[in-house]
J.: 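Here it is: the structure, laid out below.
Counting from 1, the numbers follow the sequence of the chain as shown. For ligands, and for the atoms within them, numbers begin at 1 and follow the listed sequence.
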Amino acid sequence: MSASPSAIESVLIENRVFPPSEETVKAARISGMEAYEALCAEAERDFEGYWARLARENVIWTKPFTQVLDDSNAPFYKWFADGELNASANCLDRHMGTEVEHKTAIIFEADDGAVTRVTYRELLKRVGRFANALKAQGVKKGDRVLIYMPMTIEGVVAMQACARIGATHSVVFGGFSAKAVQERAIDVGAVLVITANYQMRGGKELPLKSIVDEALAMGGCESVRTVLVYERTSTPWNRVQGRDLSFAEALEGQDADCPPVSVNAEHPLFVLYTSGSTGKPKGVQHSTGGYMLWARQTALWTFDLQDKDVFWCTADIGWITGHTYVTYGPLAAGATQVVFEGVPTYPNAGRFWQMIERHKVSVFYTAPTAIRSLIKAADSDDKVHPKNWDLSSLRILGSVGEPINPEAWMWYYKNVGGERCPIVDTFWQTENGAHVITPLPGATPLVPGSCTLPLPGMAVAVVDETGHDLPNGAGGMLVIKRPWPSMIRTIWGDPERFKKSYFPEELGGRIYLAGDGAVRSEDRGYFRITGRIDDVLNVSGHRMGTMEIESALVAKTDLVAEAAVVGRPDDVTGEAICAFVVLKRPRPEGEEAQQIAKELRDWVAREIGPIARPKDIRFGENLPKTRSGKIMRRLLRSLAKGEAITQDTSTLENPAILDQLAQTN
Ligand code: WT7
């Protein structure tokens, strides 16, 4: 069974239900729907008491909090505001002297298959030594550190080391461009950059350090005093004297013991940039206390992590999923986890299945786009079908990043989970910090394509434009009506944009607007996410603003006069980027058009990163606009899909351009 675009729609009539097995229910942390409902009732009855209880159970406080929620300056909510803690101590030190101390924390598998393991004790030492190296470079509590690293133990260590000394990290995904690094370094005011000479992906050695050099040479990043370089490979790198140090040099002589710095619960643990519908990417600022509470609690609840589990979240640390379910949640929960450097298709598309067998992974968390591409690969080559590996260690599967279509869900359920493993389809966003809507493996009956029900305490609803609740069956906007501990605190340096983006006045200014459409099922009230309601695309589970791509295109000033970007359904990546371009020269055709399309694709990949490379580029003498000059995006979406135009085009100035824009290159 393979996914097709029409399959993505077919979720509308989904009535298969998969309740958890009796044994799963019995052994689970949240055992059965009654247990789930009891927690929801507790949160309902005593909202602050519920969160305070979880905050005490999950977090080690160096100074206990006496306040729970402070809404005096809403929507700038504060949680546990007079409490103090250290995030790294909550992931590492807490386990010393327990049975977790000598347990494997990370099983690292490199791109070439080489495996390294570290225990919690060893990880603590490495983090301590690295934290001391940061201090020796003058990094202080409150400073910002930019991390541009491959998926490695060192990447996790770098994040934890920042947390240990109270420095705020900002991780930039290793696939982003020099320009993206520069913009983020400037916006966040980084004092130090942690990078690697190269990263290994799919057998290829890809540069990181030279991209940092390029970014810093673009100017504006004068705050950056130091660049630390992890020598991932033996290939030499270019050293800027007085600024660059290798890890070996920076770590030389540093003690492994570094006392964790207590910070206030509201202290920014990290800033992570994500795309919005307008303007430059937003620096989503997260807290320390509330974030750590929900990172740990959801890791324990959603994945039901138990002592013997081997957890594997395939997300990169450059995304929120890698922050919460690689660097912080599983470690705070004392789990053993796999960290993987490479890609799912190297040396072949059986890599994930081979790794699950090899490391006896029991809880596996990945993205629908990965599943769909592996379905495709297995369909065309039986040798990479999961049936060729022993996947009997698996007990729970997870999905994240975009809606999972029921066909992909069923394939994952049957061929990976052996019809035995619940699939937790976790809905959340960078801004949420951790899971919001998700099934619980030992409680929730599953419906393919539905993320089911909110976690206890999460006041999720579907509302209309005026903020009123909609009945089951009616599509509307997904909102969260009450604050929660791991929520975004502000947009770094732009509190006004924070209010406007997430707490719009139209909804009263106190309700969090997710930016997604949703509908609840008539029978169970289960949530189904219907996709973004703003100009944000979801390509392979990665968020891309259409305006960002348009800006990148028009930045090619010698060639591009105007550009409009929309998404269209894609059976592997979920959505694909389709760009409509007006050139500063006559509309090209044939080979010339193909050549310019390629040039523009490469340009966007360089400006933003390969994930932003448009799949489809089309040329017109103009774009379809209303009389007032507004681009008719709905029309462009139809053209991108190859649909017949049914919209009213009577206001179009030049209808002939529709034929031009229907042609692909
Ligand atoms: C957007 C957030 C934190 C998750 C990784 C992406 C979409 C995410 C699901 C899901 C349907 C989902 C939404 C959301 N999304 N998970 N299980 N079902 N849609 O984080 O980059 O902040 O993107 O991803 O559209 O708004 P992100």
J.: Over 60° means perpendicular and under 30° means parallel, so tell me whether Tyr328 and Phe270 are parallel, tilted or perpendicular.
T.: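 Aromatic pair Tyr328/Phe270 classed parallel.
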
J.: Looking at Glu109 and Arg351, does any basic side-chain N land under 4.0 Å from a carboxylate oxygen?
T.: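 Salt bridge present between Glu109 and Arg351.
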
J.: Are any of the N or O atoms of Thr274 closer than 3.5 Å to those of ligand 1?
T.: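 No; the residue has no nitrogen or oxygen that sits under 3.5 Å from a nitrogen or oxygen of the ligand.
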
J.: Taking only heavy atoms of Asn538, which atoms of ligand 1 are found under 4.0 Å from at least one of them?
T.: 7 (C), 24 (O)

J.: To which of Leu272, Asp516, Ile404 does the heavy atom nearest atom 26 (O) of ligand 1 belong?
T.: Asp516

J.: So, Phe311 versus Phe364, ring centres under 6.0 angstrom or not?
T.: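 Not close enough - the centres of the two rings lie 6.0 Å or further apart.
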
J.: Tell me, which protein residue and heavy-atom name are nearest atom 11 (C) of ligand 1, and how many Å apart are they?
T.: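 Atom 11 (C) of ligand 1 sits closest to the protein heavy atom Pro403 N, 3.1 Å.
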
J.: Among protein heavy atoms, which sits nearest to atom 21 (O) of ligand 1, and what does the distance come to when rounded to 0.1 Å?
T.: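 For atom 21 (O) of ligand 1, the nearest protein heavy atom comes out as Arg543 CD, 3.4 Å.
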
J.: Side chain, backbone, both or neither: which applies to Arg532 and ligand 1 if a contact is any heavy-atom pair less than 4.0 Å apart?
T.: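 Looking at Arg532 and ligand 1, just side chain atoms fall under 4.0 Å.
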
J.: In a check of side chain to side chain contact (heavy atoms under 4.5 Å, CB included) between Ser362 and each of Asp304, Leu394, Asp309, which one passes?
T.: Asp309

J.: Check the angle between the aromatic planes of Trp409 and Phe18 and answer parallel, tilted or perpendicular using the 30° and 60° thresholds.
T.: tilted

J.: So which bit of Cys451 gets within less than 4.0 Å of ligand 1, heavy atoms only: side chain, backbone, both or neither?
T.: neither

J.: Report the residue from Asn415, Ile375, Ile356 that forms a side chain to side chain contact (heavy atoms under 4.5 Å, CB included) with Pro386.
T.: Asn415

J.: Relative to the heavy atoms of Val400, which atoms of ligand 1 are at a distance of less than 4.0 Å?
T.: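 With Val400 as reference, the close atoms of ligand 1 come out as 4 (C), 5 (C).
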
J.: Before accepting this row, confirm whether a basic side-chain N of the pair Lys641/Glu575 lies closer than 4.0 Å to the acidic partner's carboxylate O.
T.: no

J.: Inspect the contact between Arg144 and Asp187 and indicate whether a charged nitrogen and a carboxylate oxygen are less than 4.0 angstrom apart.
T.: no

J.: For atom 5 (C) of ligand 1, find the nearest protein heavy atom and state the residue, atom name and distance (0.1 Å precision).
T.: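 Answer, as residue, atom name and distance: Thr321 OG1, 3.5 Å.
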
J.: At less than 4.0 angstrom from any non-hydrogen atom of Ile320, what atoms of ligand 1 do you find?
T.: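 Matching atoms, with element in brackets: 3 (C).
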
J.: Output yes when the distance from some N or O of ligand 1 to some N or O of Asp425 is under 3.5 Å, and no in every other case.
T.: yes

J.: Using the ring-ring contact (aromatic ring centres under 6.0 Å, His included) definition, which of the options Tyr325, Phe527, Trp484, Trp294 pairs with Trp428?
T.: Tyr325

J.: Using a plain distance cutoff, I'd like to know if Thr426 has any nitrogen or oxygen under 3.5 Å from a nitrogen or oxygen of ligand 1.
T.: yes

J.: Look at Glu548 together with Lys282 and state whether they make a salt bridge at an N to O cut-off of under 4.0 Å.
T.: no

J.: Any atoms of ligand 1 less than 4.0 Å from a non-hydrogen atom of Ile529? List them with their elements.
T.: 11 (C), 19 (N)

J.: Is the closest heavy-atom distance from Gly401 to ligand 1 below 4.0 Å?
T.: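 It does; at least one heavy atom falls under 4.0 Å.
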
J.: Report the part of Glu402 (side chain from C-beta onward, or backbone N, CA, C, O) that has a heavy atom under 4.0 Å from ligand 1; answer both or neither where that applies.
T.: backbone

J.: At under 4.0 Å between heavy atoms, is it the side chain or the backbone of Thr430 that contacts ligand 1, or both, or neither?
T.: both

